[in-house]
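These notes concern the structure reproduced below.
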Protein chains: 2
Amino acid sequence: MMKEITIYDIADKLKISAATVSRGLKDHPLVNHKTKKLIVDAAEEMGYRSNYMASNLRNQKSNVIGVIVPRLNSSFMSDVIAGIEKVVNDANYNLFISQSLETMKKEASNAKAMLNNRVEGLLVSLAYDTADIAHFEPFIKRKIPLVFFDRVFEHAACPQIYIDNYKAAREVTTHLIDQGCKRIVHITANLLRSVYSERFNGYKKALEEHQLEFDDSLLIVNDLSSQAGVAAAGQILKMPVLPDGVFVANDLCAISCMQTLKKHGINIPQDIAFAGFNNDPTACVVEPNLTTINYKGYEMGEAAAKLMVAHLNNYDVKQMHSVVLRSELIIRESSLRNKSS
Amino acid sequence: MMKEITIYDIADKLKISAATVSRGLKDHPLVNHKTKKLIVDAAEEMGYRSNYMASNLRNQKSNVIGVIVPRLNSSFMSDVIAGIEKVVNDANYNLFISQSLETMKKEASNAKAMLNNRVEGLLVSLAYDTADIAHFEPFIKRKIPLVFFDRVFEHAACPQIYIDNYKAAREVTTHLIDQGCKRIVHITANLLRSVYSERFNGYKKALEEHQLEFDDSLLIVNDLSSQAGVAAAGQILKMPVLPDGVFVANDLCAISCMQTLKKHGINIPQDIAFAGFNNDPTACVVEPNLTTINYKGYEMGEAAAKLMVAHLNNYDVKQMHSVVLRSELIIRESSLRNKSS
DNA sequence: GGAAATTTTACAATCGATTGTAAAATCGCT
DNA sequence: AGCGATTTTACAATCGATTGTAAAATTTCC
């Protein structure tokens, strides 16, 4: 192992004190220009690299921002992470990333690890089954900024970044109704998560606004996976009266469900109109192209990270606003019946 | 800011030395069982959390593994990252993740940041234009394990994780030839990257094996983006003689190219057979389903991370084997002409 | 009961950078 | 030259955990 150069080595070489070297390296005004140059040159020549572990200890800050997400490998989430990385990197922080794999247990253990690693802030999108945020209390107690995005949780101390899921879902459902749908199945996940309950509420609201009764036999709750989509298709096919529309809370599940129905001879959108949520890359590749809600993960990641960095730069700013990002309905063939409209 | 509890606080409270507290907390044999219990209980009660910055400084290790990838938000790469995260997390390391955004410059600056942050190992998939790995020399010099995956670089000191791109490409091309293709376009990216040059070589080899002349007017080099696929389709349409097969070095570009051609009235696979690379989720959604090479990012991430962890646990093991992962040709409708075969 | 053996605990230095404060060096000016 | 004002540098403590070694406490056994 190569011996690392420290400021003491530089100090010795220049017959100067380590304090001066430390100040010189960071352009402190208390050091002479000429000395500064000598120091910087010597550091360069000797191959010095600052030891962040020492400086972090001394400064009592880790320069790290933590991220906990359910899974890293979804189209949406990887966009979010990319956005976060960009902002965090530009702000000279480092990123600790971990995934909860959709369980509250892992989420809690990850949170603990983040806490012990002294992250200066934590960005979180909650797991499916997270019922409370007790495991994040240590952060709140210590006033370590905690920002929720997408799968958020209401808490006075925690800013949130999300889209208006209620409005979006209402919009989608209204669109399906406009296309003549009267029996609309809604496939979603754990209603504990506000993203899903909001979408569900938006769906119900749209029905209500059009004098359609909500029928809970048309509500399918699963994990929105690809397999769940196939199963849901099976469930739909077994319904005594077939629905004429399906609104799924994500594209992945929507597509596998739609394709399964298609294989069983159902015409999309004539027999059943389809709409998803997220605008995954697959949505505009599948045939028919999937109507969906577009909301860009990259921007959400950027927004969350920017909010975090802002807080870290001036924590006193107690105006921790929540941010609602734009989302839009993208109408494609999977739901377009009256081509004229 | 809440005052953090240190081992000294615990020591004071128990009227014991800090050294004993330190040893007690980590179950060191030199501490009495009863004392140990007292210490652990007091720590729990006082809300103690170990300060990794102090311990890292003292132990001269950061417990962090770095990752530099071109982009985080691709289907393949997010799978890789997920696999890496899983392994690294289980091994009680933390992950620093950064993206080079396909430029060598950013890659170098990220590498420098990783170095200063004292990562204990670095996992890298190279940017498009990285011509040499001088910016990683400081790692090699310091014997900090450096592992390349997917977009690898040959260097005696650096293990690599990859698939046999040559073989896979040869297989794909042979398959296209078997389907009756005689003029096969190959769309790929910067041949500086071995993943692409190997695929190109495999493609040429297959041609040669079937007495087909390589025609460099059939080689299209771009950045394999979705837009590039559209442009490539334009290029193909303008060819004096249309090709009867296209082998693209990734699915994203393959699909946009195929769809564009389809819109222009080309029949897939009758007029032109298509094959991609990667088996993106979109590949089995697009119509016709895309023939491609399947190789799982998640497993590659796992393999790379496991290799890294193994090295960190016993660096002397100089048998830094490179790992070649399995890949397989998945034949789908986009290339299937003789349904019988 | 007391010396030897063994267990348990405390001391003190260390990791490397940082910073308030004191001391030293330099400068300006009469 | 000499004195105050100012610039420049050095000292020493600090951040919190770790660990070799010495010292203290306890146990064992004759």
Side-chain angles (χ1 to χ4, degrees), chain A residues 1-40 42-43 46-64 92 113 115-120 142, chain B residues 1-40 42-43 46-64 92 113 115-120 142:
Chain A
M1 187 64 85
M2 162 192 254
K3 191 195 166 301
E4 290 292 343
I5 304 297
T6 71
I7 53 171
Y8 299 97
D9 298 321
I10 299 181
D12 284 350
K13 173 161 184 187
L14 298 180
K15 301 201 193 313
I16 256 181
S17 96
T20 305
V21 175
S22 172
R23 291 197 174 95
L25 284 172
K26 62 166 55 124
D27 220 25
H28 194 284
L30 252 54
V31 177
N32 191 329
H33 288 293
K34 286 167 65 182
T35 319
K36 232 175 248 176
K37 175 126 178 53
L38 280 178
I39 293 171
V40 172
M46 302 169 75
Y48 168 81
R49 57 172 182 155
S50 168
N51 186 329
Y52 280 54
M53 296 185 280
S55 118
N56 287 345
L57 171 60
R58 170 66 213 219
N59 293 327
Q60 295 287 60
K61 55 195 298 275
S62 62
N63 234 262
V64 172
N92 277 311
L115 186 73
N116 283 335
N117 276 289
R118 300 290 205 274
V119 296
E120 292 181 39
R142 290 180 168 84
Chain B
M1 189 61 87
M2 162 192 253
K3 191 198 166 301
E4 289 292 342
I5 304 297
T6 71
I7 53 171
Y8 297 98
D9 298 322
I10 299 180
D12 283 350
K13 173 159 182 186
L14 298 179
K15 302 200 191 315
I16 256 179
S17 95
T20 306
V21 175
S22 172
R23 290 196 174 96
L25 285 173
K26 61 167 53 128
D27 220 24
H28 194 284
L30 252 54
V31 177
N32 190 327
H33 287 295
K34 287 166 67 181
T35 319
K36 233 174 244 175
K37 174 129 178 52
L38 281 176
I39 293 171
V40 172
M46 300 169 77
Y48 168 80
R49 56 173 182 154
S50 168
N51 187 330
Y52 281 55
M53 295 185 281
S55 125
N56 287 346
L57 171 59
R58 170 66 213 221
N59 293 329
Q60 295 287 60
K61 56 195 296 272
S62 62
N63 235 262
V64 172
N92 278 310
L115 186 73
N116 283 335
N117 277 288
R118 299 288 205 275
V119 295
E120 292 180 39
R142 290 181 169 83

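Worth saying up front: this structure is predicted, and the values here are computed from it rather than measured. Just so you know, these numbers use all the heavy atoms, side chains as well, and skip hydrogens, waters and symmetry mates. To find a chain, count down the sequence lines: A is the first, B the second, and so on, and within it residues start at 1.
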Next on the checklist: Contact list please: residues 22-36 of chain A against DNA chain C, heavy atoms, distance less than 4.0 Å, in numerical order.
Outcome noted: A:Ser22, A:Arg23, A:Lys26
Next on the checklist: Could you work out, with side-chain hydrogen bond (donor to acceptor under 3.5 Å, both in side chains) as the rule, every residue matching A:Thr20, not counting sequence neighbours?
Outcome noted: A:Ser17
Next on the checklist: Going by the rule salt bridge (charged side-chain N to carboxylate O under 4.0 Å, His left out), which residues pair with A:Arg49 if we only count those two or more places apart in sequence or in a different chain?
Outcome noted: A:Glu4
Checklist entry - salt bridge (charged side-chain N to carboxylate O under 4.0 Å, His left out) with A:Lys37: which residues, sequence neighbours excluded? => result A:Asp41
Item to check | For A:Asp12, side chain to side chain contact (heavy atoms under 4.5 Å, CB included) partners two or more places apart | outcome: none
Checklist entry - Closer to the 5' end of DNA chain C via nearest nucleotide, is it B:Ala19 or B:Leu57? => result B:Ala19
Checklist entry - So what does A:Asn59 touch, heavy atoms closer than 4.0 Å: a base, only the sugar-phosphate, or nothing? => result sugar-phosphate
Checklist entry - Of A:Ile16 and A:Tyr8, whose closest DNA chain D nucleotide lies nearer the 5' terminus? => result A:Ile16
Next on the checklist: Let me test you: for the helix from C:dG1-D:dC30 to C:dT30-D:dA1, what is the angle between the axes at its two ends (five pairs each), rounded to 10 degrees?
Outcome noted: 50°
Item to check | pair B:Leu115-B:Arg142: side-chain heavy atoms closer than 4.5 Å | outcome: yes
Checklist entry - With sequence neighbours excluded, what pairs up with A:Arg23 under the side chain to side chain contact (heavy atoms under 4.5 Å, CB included) test? => result A:Ala19, A:His28, A:Leu30, A:Val31
Checklist entry - Any donor and acceptor pair, going by atom type alone, linking the side chain of A:Asn117 with main-chain N or O of A:Val119 inside 3.5 Å? => result no
Checklist outcome for this item: The side chain to side chain contact (heavy atoms under 4.5 Å, CB included) partners of B:Ser50 (sequence neighbours excluded) come to B:Tyr48, B:Tyr52
Item to check | Contact interval (first through last nucleotide) of DNA chain D with protein chain B, 4.0 Å heavy-atom | outcome: D:dG16 to D:dT21
Next on the checklist: My understanding is that only residues two or more places apart in sequence, or in another chain, count here; which of them pass side-chain hydrogen bond (donor to acceptor under 3.5 Å, both in side chains) with B:Asn63?
Outcome noted: none
Next on the checklist: My understanding is that only residues two or more places apart in sequence, or in another chain, count here; which of them pass side-chain hydrogen bond (donor to acceptor under 3.5 Å, both in side chains) with B:Lys13?
Outcome noted: B:Glu45
